[in-house]
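Data block below; observations after.
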Amino acid sequence: MPMHTIIADQCCFKQDNLPFEYFCIDHDILSCKECLAENHRSCQKVMSVDIASKGAKQSQSFIDATELVEYVLETTHVITKDRQSFITNIEKEANSVKNALRELKEEAISHIESIEKSLLHDLDLKKDKIIQKSKTTINETKDIEKMVKEKKDIFDLVDKHGSEKQAFLAAHAYKQDLTDLEKRVTNIRVANQYYNKTESREVTGSYKIYRVNRN
Ligand SMILES: [Zn+2]
Ligand SMILES: [Zn+2]
């Protein structure tokens with residue numbers, strides 16, 4: 001906006017932009033000729049702007065006005081700068097909180113993964129141990145089965161084709177062997193019943209402990 005337009009704008013807005021031609025000292029106010037007739041009829045000290053404005057650049061009111069302009073302008077700069085640095089700090093703080101949360105999440109996930117890994121390892125060890133033990137039992141049982149089948153073949157043969165004396169001798173000769181085999185299968189059955197209760201509890205144990213701790 002050119003300078004002369006800005007200065008021309010300083011007209012009375014009450015009276016259709018009439019120029020300020022007067023200054024009323026009593027009211028310390030500029031006035032157009034219409035306002036002067038309306039509001040300052042009884043005022044003692046009224047002079048034309050041309051006379052009142054002599055030496056105005058050195059006057060206290062002009063100095064005060066320019067200082068006020070400087071002060072307000074400087075203050076707007078200070079406020080803007082202050083808010084901008086406040087925004088920057090808030091963004092930094094928010095970012096550092098976000099980073100801390102992400103780190104916390106990663107730590108929690110890695111902790112849970114290590115618990116999972118340890119539980120799975122433990123589970124595999126227990127499972128393998130129990131399966132190995134059951135396989136050993138199966139092998140031992142097969143061994144007993146093989147021996148008892150040999151006896152059965154002999155007893156069948158004697159029953160079909162042997163004499164009474166051969167039956168008598170077989171029954172007494174193998175009595176101790178058969179008693180031993182019976183003891184072995186009975187021991188295996190008792191041991192199995194015990195394992196069924198304790199070992200399967202071993203396997204599910206660690207998982208149950210984990211669930212209890214969650215609550
Ligand atoms: Zn006026
Ligand atoms: Zn007046």
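Start at 1 and go down the list; that is how both ligands and their atoms are numbered. Note that the numbering runs from 1 along the sequence shown for the chain.
Residues Glu70 and Thr66 are not in side-chain contact: their nearest non-hydrogen atoms beyond the backbone lie 4.5 Å or more apart.
Looking only at N/O/S atoms, His40 comes nearest to the Zn ion (ligand 2) through ND1.
Shown are the protein N/O/S atoms under 2.8 Å from the Zn ion (ligand 1), given by residue and atom: Cys12 SG, Cys32 SG, Cys35 SG.
Applying the 6.0 Å contact sphere to CD of Glu182 captures no more than 12 heavy atoms from other residues, nucleotides or ligands.
Look at Asp153 and Lys149 and you find no salt bridge, because none of the NZ, NE, NH1 or NH2 atoms lies under 4.0 Å from a carboxylate O. Salt-bridge check for Asp156 with Lys152: passed, with a basic side-chain N closer than 4.0 Å to an acidic carboxylate O. The existence of a salt bridge linking Glu113 and Lys117 is excluded, since no basic side-chain nitrogen approaches an acidic carboxylate oxygen closer than 4.0 Å.
Around the Zn ion (ligand 2), the angle linking His27 (ND1) with Cys24 (SG) is 110°, rounded to 10 degrees.
Residues satisfying the side chain to side chain donor-acceptor pair (under 3.5 Å) test with Ser61, not counting sequence neighbours, are Ser59.
Taking CG of Asp159 as the reference point, atom NE2 of His161 lies at 9.5 Å (rounded to 0.5 Å).
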